[in-house]
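Worksheet: one structure, shown below.
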Amino acid sequence: MNDTRQVAKGLIGKLLVREYDGRRLSGIIVEVEAYRGFDDTASHAHKGLTERCKVMFGDAGHVYVYLTYGVHFMLNLVTEKKYFPSAVLVRAIEPKEGVEDMFKNRNVEVKYDLTNGPGKLTKALNIKKNLNGKSITSRKSLWVEKIDISKDFIIESAPRIGIDYAEERSRNQKWRFFIKGNKYVSK
DNA sequence: GTGAGGATGCACT
DNA sequence: GTGCATCCTCACG
């Protein structure tokens with residue numbers, strides 16, 4: 001299970017845990033996207049190693065956080081071997097623990113608007129640039145846990161979102177994975 | 001040093 | 001469906 005696409009699928013249904021100020025917030029991962037290798041023109045890494053995306057070239061199990069549109073942070077988990085730039089973008093989670101804190105971090109009325117998008121979940125979980133490059137294996141600040149949830153869900157795959165700038169062969173890859181019918185999947 | 005544009009979200013029409 | 005906020009990073013000079 002080293003391939004980013006397998007890792008991406010494997011993350012579906014796992015618990016993403018965020019800890020800060022002594023609080024524990026968490027949610028079940030319901031939607032992810034895989035970004036893989038130099039040939040993936042949708043990936044930040046396809047132009048080579050830059051200051052921004054260098055974390056993707058590092059060891060698996062690290063966190064890649066960056067700002068997009070000057071507004072939103074994106075959360076990625078680095079995968080595969082060193083120098084083979086790959087990561088899984090976490091696009092949506094289903095809130096579990098610390099829901100009250102998430103409401104404080106986000107200015108929304110309803111629970112299903114809390115974390116149903118990549119920029120939304122980082123805000124709900126207070127994930128910022130300072131987590132960039134951190135490891136998830138140390139289980140501090142941010143990590144992933146296995147939980148006992150019903151295996152009773154279907155993982156659907158589809159093309160990735162918001163990558164119109166990429167070449168067609170990359171755009172057509174069905175590297176977006178999500179739980180079919182889950183209402184926390186992004187729109 | 002400067003300019004272009006983005007792995008989105010939200011408020012409008 | 002369209003427009004725009006908002007700022008960091010990259011590429012080029």
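So that the names make sense, note that chain A is the first sequence line, chain B the second, and so on, each numbered from 1. Computed from heavy atoms alone, side chains included, the values below leave out hydrogens, waters and symmetry copies. Only a predicted model underlies this, so the values are computations on that prediction, with no experimental measurement involved.
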Check: A:K54 has an atom NZ; how far is it from atom P of C:dT9, in whole Å?
Finding: 11 Å

Checklist line | Length of the CZ-P vector between A:F73 and C:dC7, whole Å | finding: 10 Å

Next item on the list: Please state how far atom CE in A:M74 lies from atom C1' in B:dA7, giving the value in whole angstrom units.
Entry: 7 Å

Margin query: Any salt bridge linking A:E19 with A:R24? Criterion: basic side-chain nitrogen under 4.0 Å from a carboxylate oxygen.
Written below: no

Item checked: Polar pair under 3.5 Å, donor/acceptor by atom type, side chain A:H44, base B:dA7 -> yes

Margin query: Please tell me if A:K47 has a side-chain N or O lying less than 4.0 Å from either OP1 or OP2 of C:dT9.
Written below: no

Item checked: Bracket notation of DNA chain B in which parentheses pair within the strand, [ ] cross earlier pairs, and | pairs with another strand (Watson-Crick or G-U, under 3.5 Å) -> ||||||.|||||.

Next item on the list: Among B:dA7, B:dG9, C:dT6, find the nucleotide with the atom closest to the side chain of A:Y66.
Entry: B:dA7

Next item on the list: Return the value, rounded to whole Å, for the distance between atom CG of A:D164 and atom P of B:dG5.
Entry: 14 Å

Note to self: Within residues 100-117 of chain A, which residues have any heavy atom lying less than 4.0 Å from an atom of DNA chain B?
What the structure shows: A:R106, A:G117

Margin query: Rounded to whole Å, how long is the line connecting atom NZ of A:K120 with atom C1' of B:dA7?
Written below: 16 Å

Margin query: With a 6.0 Å cut-off (strictly less than), is the heavy-atom count around NZ of A:K111, excluding the residue itself, greater than 12?
Written below: yes

Check: What does A:L89 touch in the nucleic acid at a heavy-atom separation under 4.0 angstrom: a base, only the sugar-phosphate, or nothing?
Finding: base

Margin query: Check this one for me: any side-chain N or O of A:Y69 less than 4.0 Å away from OP1 or OP2 of B:dT8?
Written below: yes

Checklist line | Integer angstrom distance from the P of C:dT6 to that of B:dT2 | finding: 23 Å

Note to self: In whole Å, I'd like the distance from the CG atom of A:L67 to the P atom of C:dC10.
What the structure shows: 12 Å

Check: Can A:Y35 be classed as stacking with the base of B:dA7, given a centroid separation cut-off of 5.5 Å and a plane angle cut-off of 30°?
Finding: yes

Next item on the list: May I ask you to verify if any side-chain N or O of A:T50 is less than 4.0 angstrom from the OP1 or OP2 atom of C:dC10?
Entry: yes

Margin query: Measuring from the side chain of A:K129 (C-beta onward, heavy atoms only), which nucleotide among C:dC10, B:dT8, C:dT9 has the closest atom?
Written below: C:dT9

Item checked: Neighbour count >12 (heavy atoms, 6.0 Å) for atom CG, A:N107 -> no

Check: Got a donor-acceptor contact below 3.5 angstrom from the A:H44 side chain to the A:C53 backbone?
Finding: no

Notebook entry, point to check: Under 4.0 angstrom, heavy atoms only, what part of the nucleic acid is A:G70 near: base, sugar-phosphate, or nothing?
Noted result: base

Checklist line | Of the listed nucleotides C:dC10, B:dA7, B:dT8, the one nearest the side chain of A:I161 | finding: B:dT8

Next item on the list: Scan A:R52 against the nucleic acid and name what it touches under 4.0 Å (heavy atoms): base, sugar-phosphate only, or nothing.
Entry: sugar-phosphate

Notebook entry, point to check: Judged by atom type as modelled, is there a donor-acceptor pair below 3.5 Å linking the side chain of A:R36 to the main-chain atoms of A:P85?
Noted result: no

Margin query: Counting only side-chain heavy atoms from C-beta out, which of B:dG6, C:dC7, B:dG9 sits nearest to A:T68?
Written below: B:dG6

Item checked: Between A:E97 and A:S26, a side-chain donor and acceptor under 3.5 Å -> yes

Check: Is A:L131 close to A:S141 at the side-chain level, that is, under 4.5 Å between some pair of heavy atoms?
Finding: yes

Notebook entry, point to check: For B:dA7, does either OP1 or OP2 sit under 4.0 Å from a side-chain N or O belonging to A:Y165?
Noted result: yes

Next item on the list: Could you walk me through whether A:E94 and A:T115 pass the side-chain hydrogen bond (donor to acceptor under 3.5 Å, both in side chains) test, one step at a time?
Entry: CA-CA 7 Å; A:E94 177 177 334; A:T115 55; over 6 Å; no

Notebook entry, point to check: Does the A:R106 side chain pair with the main chain of A:D113, one donor and one acceptor, at a distance under 3.5 Å?
Noted result: yes

Check: How close or far is atom C1' of C:dT9 from atom OH of A:Y64, stated in whole angstroms?
Finding: 9 Å

Next item on the list: Answer yes or no on whether A:R176 is positioned over the face of A:F178, meaning its NZ or CZ is under 6.0 Å from the six-membered ring centre and within 45° of the axis.
Entry: yes

Next item on the list: Whole angstrom is fine here: how far is it from CZ in A:R176 over to P in B:dT8?
Entry: 11 Å

Next item on the list: Would you check if the side chain of A:T122 reaches a backbone N or O of A:M74 as a donor-acceptor pair within less than 3.5 Å?
Entry: no

